[in-house]
Asker: 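Sharing a structure here in C-alpha cells format.
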Number of protein chains: 2
Amino acid sequence: MNPLDQNGRTEKEFLAQYDPGDYPRPSIASDIVIFTVTSAAEDNYRKLPEKELRVLLIKRGGHPFLGKWALPGGFVRPTESVGEAALRELREETGVRSAYLEQLYTFSEPGRDPRTWVVSCAHMALLDSSGLEVRAGDDAGEVDWFRLCCTPLPEDDAPERLLATRRCRLELSNGADALFAVVEEASVHGAEYKILDNGGLAFDHAKIIACGLKRLRDKVEFTDLALNLMPEKFTLTQLQQVYEVILQRPLLKAAFRRKIAHLVSGTEEYTENAGHRPSRLFRRRPRGSG
Amino acid sequence: MNPLDQNGRTEKEFLAQYDPGDYPRPSIASDIVIFTVTSAAEDNYRKLPEKELRVLLIKRGGHPFLGKWALPGGFVRPTESVGEAALRELREETGVRSAYLEQLYTFSEPGRDPRTWVVSCAHMALLDSSGLEVRAGDDAGEVDWFRLCCTPLPEDDAPERLLATRRCRLELSNGADALFAVVEEASVHGAEYKILDNGGLAFDHAKIIACGLKRLRDKVEFTDLALNLMPEKFTLTQLQQVYEVILQRPLLKAAFRRKIAHLVSGTEEYTENAGHRPSRLFRRRPRGSG
DNA sequence: CAAATAGTGTCTTTAAGACATTATTAT
DNA sequence: ATAATAATGTCTTAAAGACACTATTTG
C-alpha cells in the first residue's frame, strides 16, 4: 500500500524531494479557430441572404510576423488546462463566456515559432453569430472576422505518392485584406499538414485553420455540431444553409429535413413579413427527449 | 517587406534579442497506446483461435505510481515533434521502426502528474502482432501486453445531466495482473474523460486508454485503419475477427465482405491444412488501384 | 461421412437521392 | 396575379441486415 523505491523512500518522500531538473521545457500555447456563420447583406428584394463561414483573426502588432494575421491564442498557465486557456482567450477576444469548444490537434514541429520552443494545442470554437461583437483585446491591434473559403486543388500526378494527400487553397477575406494559403493534408496518421504557399497568415496558423475546417466538415454530417452555430430559434432553411456553407455543396431539402429531424424540435412560432410563406421556427432538441 | 515594430526593430533584430522570459513552462510528454490483435491459444480441434485486443503497458519501477502499470511514454525533446517522440518511444519499447501512428488528444489537467507540470500528448499506434517481441527498455522494469476489454455501464438515472455522458469499465489483464478502471466520457467537446475508479493504472492513463479505444472504434468502421493491425497476407475471416474484437460485436459475414471489398485485393494463395476448406489470402489494396 | 470454415446468392429493410407537387405569404 | 420560400409526398437508388445455401477441406 505504501511501497518504497530503490532508495527506500515512500512516494510522499520522493515527491517532497523531487527536482524537476533542467531538461529543456517548451512554452505551451493554446490557439483557437473560432467559427461562426453570418448572413451576407441581403441584396435583392425578398430573397434570403447568403450564409458565410467566418473565422476570427487578429493582426499581429509586434514581431514575429508583424502585420500578419494570426489566430487568437496565448500561453497556458500552470493552473489551467489547455481547454481552459482556450476559453479564456475566447472570452478575451469576443466577450463570449461559453461556447462549444473542441480540442483539435497539437502542433509541435520544431521551429514553428521563431522565438523559442512553443508547442501549440489547437482548438476550435463554434459561436452563434447573433449579437456577436468583436471586442479588441488589450494587446491586439486589429481583430476581424474573415470569410473562409476552401477550394480543393487537383491531385498532382506525381509518380507514386506513398501517402494519400490532398491539397486545398484557403482564402480568407474581411473586405480590406485578402489572405490565402495552399495546404497539403496527408490523410494518414490523423492529420499531417504542410504549408505550400502562404499569403498573410502568421506562424503555422494556415495548418490550424485547415485542421479546424476539416474537423468541422467531417463531424457536421453525422453529429449535431452545426446546432452550436445557430441562435436559439431558427428555421430549417437557415440550418440547411449552415450545413451547405460548411460542406460547400447544395443539399436536397427533403432529404436534409429527414436527416436532421431528430436533432430539432418545432416551436409554434413562425417567421413574419418575409415576403413569402412564413417558416416555422425550431430549436435544438434537448438531450434525452427523443 | 521588412516592417519595424514600435521599437524600430526588424524581425531579425527582434529575434536576436528575444528573451523567453521566465513564464513557467511545462514538461511535455508523449504517451502512446500501442494496440495489437493477437490470437488466443487455440484450444479445440480445428477451430479458429479467438482474437484479443491488446495494449502494451510498463510496470513503473520508481515513484510516482511505483508498481502501477503505465503507458509507454517519455519527454519530448526540443528537436523533435510530439509524433517523433512517440515513434522513438515505440521503437525503444517494441523494436518496431515504423507503424501507423495517430495523435489522439492532449491531456493537460493541472496536477495530472504529481511531480511537476507535465502536459501529455497522447498517441495511438497500431501493430501487426506477427513476429512481435517485447523488448524491455533500459529504464523499464516489466513490459507486457494486456488484453483489453471494455464494458459499457448502464446510464445512471441522475436527475438531468447537462451533458450526454457514458460510463464504461476497462479491464486489462496479462494473466498475472488484472487492472481495471471506470471511466466517464462526456461526448461533448470532443473528448472529456473522468476517472471514477482505478485499479492499478498509473497517472491518468485510464483516460488515455479509453480515448484511444474510442478513436479506434470510431474510425475502424469507416476507414481502413484495421488493415494496420494485419500481417501482409490474411484471410477475410481474420480481418473480420479483428473488426469484431475492436467493435466487441459480431458482424454478418456477407455484409462485412461487401463493405471491405474495396480495401483489399485477393492473391492466388490459400491457407492449408486447416481441417476445413482453404481460405483465400488477401492483402491490403495499394492506393490508387481501385 | 462429419465437422468445421469458405464463399456467395438473394430477399428484406433502411436510408439517401431526385424531383414533383401543394401551400402560404407580401407586394 | 406574381415571385418568392415552405413543406411534404413518393418514386428510385444504394447500402446494410438477415439468412439460407453451396463448396471444400481434413480426420
Side-chain angles (χ1 to χ4, degrees), chain A residues 39-51 220-224 226 230 233-245 247 249-283 290, chain B residues 39-51 220-224 226 230 233-245 247 249-283 290:
Chain A
S39 297
E42 41 184 298
D43 38 354
N44 282 15
Y45 153 75
R46 75 161 74 157
K47 279 229 179 107
L48 286 179
E50 292 226 332
K51 296 286 183 182
V220 82
E221 281 196 272
F222 64 97
T223 70
D224 61 354
M230 306 307 294
K233 291 173 190 164
F234 51 84
T235 69
L236 295 186
T237 300
Q238 285 164 357
L239 183 60
Q240 182 173 342
Q241 287 176 321
V242 167
Y243 275 73
E244 287 174 336
V245 79
L247 298 171
R249 78 183 143 85
L251 302 175
L252 292 164
K253 181 151 69 171
F256 175 77
R257 287 174 183 227
R258 277 191 306 242
K259 193 176 148 92
I260 56 88
H262 69 287
L263 302 178
V264 298
S265 59
T267 69
E268 293 310 313
E269 295 174 65
Y270 289 81
T271 57
E272 281 170 30
N273 301 322
H276 49 75
R277 175 171 168 178
S279 182
R280 187 172 199 167
L281 293 174
F282 288 75
R283 56 161 55 95
Chain B
S39 297
E42 42 184 298
D43 38 354
N44 282 15
Y45 152 77
R46 75 162 74 158
K47 279 229 180 109
L48 287 179
E50 292 225 334
K51 297 285 181 182
V220 82
E221 282 197 273
F222 63 97
T223 70
D224 61 354
M230 307 306 293
K233 291 172 191 165
F234 50 85
T235 69
L236 295 186
T237 299
Q238 285 165 357
L239 183 61
Q240 182 173 343
Q241 287 176 322
V242 168
Y243 274 74
E244 286 173 339
V245 79
L247 297 172
R249 78 184 142 85
L251 302 176
L252 293 164
K253 181 152 68 169
F256 175 76
R257 286 171 184 230
R258 277 192 305 242
K259 192 177 149 91
I260 56 87
H262 69 288
L263 302 177
V264 299
S265 58
T267 70
E268 291 311 312
E269 293 175 68
Y270 289 81
T271 57
E272 280 171 31
N273 303 320
H276 49 74
R277 174 171 169 179
S279 184
R280 187 170 199 169
L281 293 175
F282 287 75
R283 56 160 57 92

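Each chain gets a letter, A, B and so on, in the order its sequence line appears, and its residues count up from 1. These numbers come from a predicted model, not from an experiment.
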Asker: I need the CG-P distance between B:L239 and C:dA6, as an integer number of Å.
Answerer: 12 Å
Asker: Below 4.0 angstrom, N of the basic side chain to O of the carboxylate: do B:E269 and B:R280 qualify?
Answerer: no
Asker: Within the structure, does a side-chain N or O atom of B:S279 lie under 4.0 Å from either OP1 or OP2 of C:dA6?
Answerer: yes
Asker: Tell me, with the steps shown, if B:S39 and B:K51 meet side chain to side chain donor-acceptor pair (under 3.5 Å).
Answerer: CA-CA 5 Å; B:S39 297; B:K51 297 285 181 182; 3.2 Å; yes
Asker: Nearest to the side chain of B:L252, which nucleotide is it out of C:dA16, D:dA7, D:dA18?
Answerer: D:dA18
Asker: Nearest whole Å is fine: how far is C:dA15 P from A:H262 NE2?
Answerer: 11 Å
Asker: Specify the separation, in whole Å, of atom CG of B:L236 and atom P of D:dA23.
Answerer: 20 Å
Asker: Closest to the B:R277 side chain: D:dA7, C:dG9, C:dG7?
Answerer: C:dG7
Asker: From CG of A:N273 over to C1' of C:dT27, roughly how many Å is that when rounded to an integer?
Answerer: 12 Å
Asker: Rounded to whole Å, how long is the line connecting atom OH of A:Y270 with atom C1' of C:dT25?
Answerer: 13 Å
Asker: Which whole-number value in Å describes the distance from B:K253 NZ to D:dC21 C1'?
Answerer: 11 Å
Asker: On the nucleotide D:dA7, are OP1 or OP2 found under 4.0 Å from the side-chain N or O atoms that A:R257 carries?
Answerer: yes
Asker: Under the criterion side-chain contact (heavy atoms from CB on, under 4.5 Å), I'd like the reasoning laid out for A:Y270 against A:L281: C-alpha separation, chi angles, the key distance, then a yes or no.
Answerer: CA-CA 5 Å; A:Y270 289 81; A:L281 293 174; 6.0 Å; no
Asker: Does B:F282 or A:H276 map to a spot on DNA chain C nearer the 5' end, using the closest nucleotide for each?
Answerer: B:F282
Asker: Does the ring center of B:F234 lie less than 6.0 Å from the ring center of B:F282?
Answerer: no
Asker: Name the residue closer to the 5' end of DNA chain D, choosing between A:T235 and B:R249 according to the nucleotide with the nearest heavy atom.
Answerer: A:T235
Asker: Closest-nucleotide mapping onto DNA chain C: is A:K259 or A:E272 further toward the 5' terminus? I mean the 5' end.
Answerer: A:K259
Asker: Can you tell me which nucleotide in C:dG9, D:dT24, C:dA26 comes closest to the side chain of B:A254?
Answerer: C:dG9
Asker: Is the phosphate of C:dT5 approached by B:T237 (side-chain N or O, under 4.0 Å from OP1 or OP2)?
Answerer: no
Asker: Using atom CD1 of B:I260 as one end and atom P of D:dA16 as the other, report the distance to the nearest whole Å.
Answerer: 12 Å
Asker: Regarding D:dT10, can its base be found pairing with the side chain of A:R258 as donor and acceptor, where the two atoms are less than 3.5 Å apart?
Answerer: yes
Asker: When you get a sec, tell me which of D:dA7, D:dT5, C:dT25 is the closest nucleotide to the side chain of A:L48?
Answerer: D:dT5
Asker: Salt bridge check, B:R249 against B:E244: does any charged N sit closer than 4.0 Å to a carboxylate O?
Answerer: no
Asker: How many whole angstroms separate atom CD of B:Q238 from atom C1' of C:dG7?
Answerer: 15 Å
